[in-house]
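Everything on this sheet refers to the single structure shown next.
First the proteins, then the strands, lettered A, B, ... as listed; each starts at 1. Atoms considered below: every heavy atom in the structure, side chains included; atoms not considered: hydrogens, waters and symmetry mates.
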There are 2 protein chains.
Amino acid sequence: MTVSDPVTGPAQVVLTASVARRYYLDGRSKIEIAEEFGMSRFKVARLLDTARTSGLVRIEIRHEGEIDVDLSAQLRDRFGLQHSIVVASPDEDAQALREHVGRAAAQLLAEIITPGDVLGLAWARSVSAMARVLPRLPGTPVVQLTGALTLPDGPDTSVDAVRDVATASGGVAHYFYAPLTVADAATARALRQQPEVARAFGQLPLVTKAVAGVGLWEAGQSTLYDAASVHDRAALRDLGVCADISGVLVAADGTPVPTELAERMIALSAEEMRAIPEVIVIPYGIRKAAAVRAALRSGLVAGIVTHTSLARAVLDEA
Amino acid sequence: MTVSDPVTGPAQVVLTASVARRYYLDGRSKIEIAEEFGMSRFKVARLLDTARTSGLVRIEIRHEGEIDVDLSAQLRDRFGLQHSIVVASPDEDAQALREHVGRAAAQLLAEIITPGDVLGLAWARSVSAMARVLPRLPGTPVVQLTGALTLPDGPDTSVDAVRDVATASGGVAHYFYAPLTVADAATARALRQQPEVARAFGQLPLVTKAVAGVGLWEAGQSTLYDAASVHDRAALRDLGVCADISGVLVAADGTPVPTELAERMIALSAEEMRAIPEVIVIPYGIRKAAAVRAALRSGLVAGIVTHTSLARAVLDEA
DNA sequence: TGAGTGGCTGCTCATGTGAGCGCACTCTGC
DNA sequence: GCAGAGTGCGCTCACATGAGCAGCCACTCA
């Protein structure tokens, strides 16, 4: 669709424009137009062709809202995703991004969730942001997928998110109070035996859609990293950990990395995440491009909601 | 085509935009798109409908050149013209307008003239401006339609225009040296008997396309008016003369006005002009709107080449 | 709980549409 | 002046397309 073959003369220009107007704007059929202008319908077709190739008719696909449809489609096609939403956020600070992305994720979830679905929520600040603005869902059961990390800057925990969504949906809420990481594997095993925890994890095979965050295994880019010990940080980096998908650790090429830390976590495993039909991640922050690529390559993820700068970074280097 | 029915959710937006892109920009068929996205072709059609009605797909018809295709078409439809070219002139002074309009008229003539045509040229400054920039025509015979008025501000006469075009076309030139108006009817009759004049006027029935100017019967808006006596000016105004089409005088409603002045002119009559299949007028200057309307209503004129401000004025009050 | 209701999806047939082919006309070189 | 190449134009057939209608599903109210 290059702009070439300039229409020859002025009469031709006016005629072509008139025909194009009748066809594209007035919605007349080519035959009607042919009769109106006293020419064959083939000539009409040719005029319309030249109108487009010469650039006289310009077709523009642009969404006026905050969704960047172009980047969304690129991301979806590049990584073979089912859903891909890229929002244009006016601000680039973490909180603004989180809220924008969270709101878009809430809209997406409200759109795609059906009465038969069981929703899983992993722990992430963006997931909490989404939960806060999620509209009423049609009686969807909600399952907590991970423990929570206590953050200095906010009261939200995964438990709150699960409860919020469950009450908003009117569905059953399977939640528990437990941290995401504990000191040793024995404590973790003991916690998993807890009735609420065991019951929630027993619901895992029923979960059809889940929402998770993505962290980059670097300082300030992953709450899990920041909460980990200095030893764990280095050990996992040495193992090739690039990203954590709400607790599931994967390498840069997307393959899950078995870690000793996993035994000290109250979270679903990579296999359990893979069993969920549709996992949607909500990453934000421009520095997380490598982690997002890893997450999307892992095959664990079916959808993404993010913002333009991160989406562009993910595509640029992919 | 109102902007309504906003596409429901973000996933819907992205899907609709992707389908629209494939269809409108990539030129894929609906069936191909249906297979690609795993849906029925009917759903594709519906998505495309919503894409257009919601304003997600915007089709714009705009010519990047100096031709205002929209005004051209409006003018053509309003007055039932065969050709209508409206050029956007950056300047509004008479000379710039005349040259712009003349150039467009030259292009139009070059486009629509065929080897079988015989071209008639009436006297007008815009016709001379056109003649100066007319490209080579395919051996077209050229016939002078009127005598010339000597103007203080330019060397061009209708004779020059006829000769210029004829030499450029390689065709026969039927021209003569005579003024447009003379003192009395007897002189005019005598002049018409002159061999060159008679020969040129004898070619009139063969003329297939002609170019003429339009004047408003007011001071400074018609070279004929300006050259007329004070008595003639008032007499013709009293007769209801509104416009002169290179010597053919018409009322505001377009009907030709028989005048005594006509007998003192070396010019074709209204009937002779009507016999020419395609007369194209080249008016310019924003104050001539009423005259242009009169000319277009007369039925003597099949085409127009003018500029945006005048075209708009003609349409506004029509 | 069950029939009514509205919305969504996909099928059918008449119509619109596009690629290929042949005709006629024009241009060019001999 | 004439033959060959190029080009614009319209016809034909197979296919794509659109309007209308039937089925399905979830929701609603009795």
Side-chain angles (χ1 to χ4, degrees), chain A residues 1 4-9 11-13 15-16 19-54 57 59 110-119 135-141 169-171 208-209, chain B residues 1 4-9 11-13 15-16 19-54 57 59 110-117 135-140 169-171 208:
Chain A
M1 181 78 69
S4 63
D5 184 27
V7 188
T8 53
Q12 186 82 347
V13 169
L15 178 65
T16 306
V19 168
R21 168 169 292 274
R22 274 268 183 275
Y23 186 79
Y24 286 111
L25 300 186
D26 302 347
R28 303 300 187 86
S29 86
K30 296 184 185 178
I31 287 187
E32 281 179 308
I33 296 166
E35 286 168 356
E36 179 181 343
F37 287 86
M39 58 179 71
S40 81
R41 56 187 178 282
F42 310 98
K43 190 167 175 69
V44 173
R46 281 191 199 95
L47 283 177
L48 290 174
D49 278 347
T50 59
R52 279 199 302 186
T53 55
S54 71
V57 167
I59 300 178
E111 184 183 2
I112 65 173
I113 215 140
T114 58
D117 276 322
V118 175
L119 178 62
R136 183 175 163 68
L137 297 179
T140 307
S169 72
T208 54
K209 290 187 169 66
Chain B
M1 182 77 72
S4 62
D5 185 25
V7 187
T8 52
Q12 186 82 346
V13 169
L15 179 66
T16 306
V19 168
R21 168 169 292 274
R22 274 270 183 271
Y23 186 79
Y24 286 111
L25 300 187
D26 301 347
R28 303 301 188 85
S29 86
K30 296 182 185 177
I31 288 186
E32 282 179 307
I33 296 166
E35 287 169 355
E36 181 182 342
F37 286 85
M39 59 179 72
S40 81
R41 60 195 179 84
F42 308 100
K43 189 167 176 69
V44 172
R46 282 190 197 95
L47 284 176
L48 289 174
D49 278 346
T50 59
R52 278 195 305 185
T53 54
S54 72
V57 167
I59 300 178
E111 183 183 0
I112 64 173
I113 214 138
T114 58
D117 276 323
R136 182 175 164 67
L137 297 178
T140 308
S169 73
T208 53

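- Residue A:K30 contributes atom NZ, which lies 16 Å from atom P of D:dC9 at whole-angstrom precision.
- Distance, A:E32 CD to D:dT17 P: 19 Å, rounded to whole Å.
- Between the CG atom of A:D49 and the C1' atom of C:dG18 there is a distance of 9 Å, rounded to whole Å.
- The separation between A:E35 atom CD and D:dG10 atom P is 14 Å, rounded to whole Å.
- Put simply, CD1 on B:I31 is 14 Å from P on C:dG10, counting in whole angstrom units.
- Rounded to an integer number of Å, the gap from A:M39 CE to D:dG8 P is 15 Å.
- Rounded to an integer number of Å, the gap from B:F37 CZ to C:dT9 C1' is 19 Å.
- Residue side chain A:R46 does not reach the base of C:dG18 through any donor-acceptor N/O pair under 3.5 Å, judged by distance alone.
- A:Y23 OH to A:K30 NZ: the interatomic distance, rounded to the nearest 0.5 Å, is 4.0 Å.
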Exercise for the section: Kindly determine whether B:T140 and B:D117 satisfy side-chain hydrogen bond (donor to acceptor under 3.5 Å, both in side chains), including the steps that lead there. Expected result: CA-CA 6 Å; B:T140 308; B:D117 276 323; over 6 Å; no
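- A distance-only check finds no donor-acceptor pair linking the side chain of A:T16 to the backbone of A:A51 [under 3.5 Å].
- Closest approach to the A:S29 side chain among C:dT17, C:dC11, C:dA19 is made by C:dT17 (side chain taken as heavy atoms from C-beta onward).
- Under the 3.5 Å distance criterion, the side-chain polar atoms of A:E35 are left unmatched by any main-chain donor or acceptor of A:E32.
- The shortest distance between the side-chain N/O atoms of A:K43 and the OP1/OP2 oxygens of D:dC9 is below 4.0 Å.
- Nearest-nucleotide positions on DNA chain C for A:Y23 and B:S40 put B:S40 closer to the 5' end.
- The distance from atom CZ of A:R41 to atom P of D:dA16 is 18 Å, rounded to the nearest whole Å.
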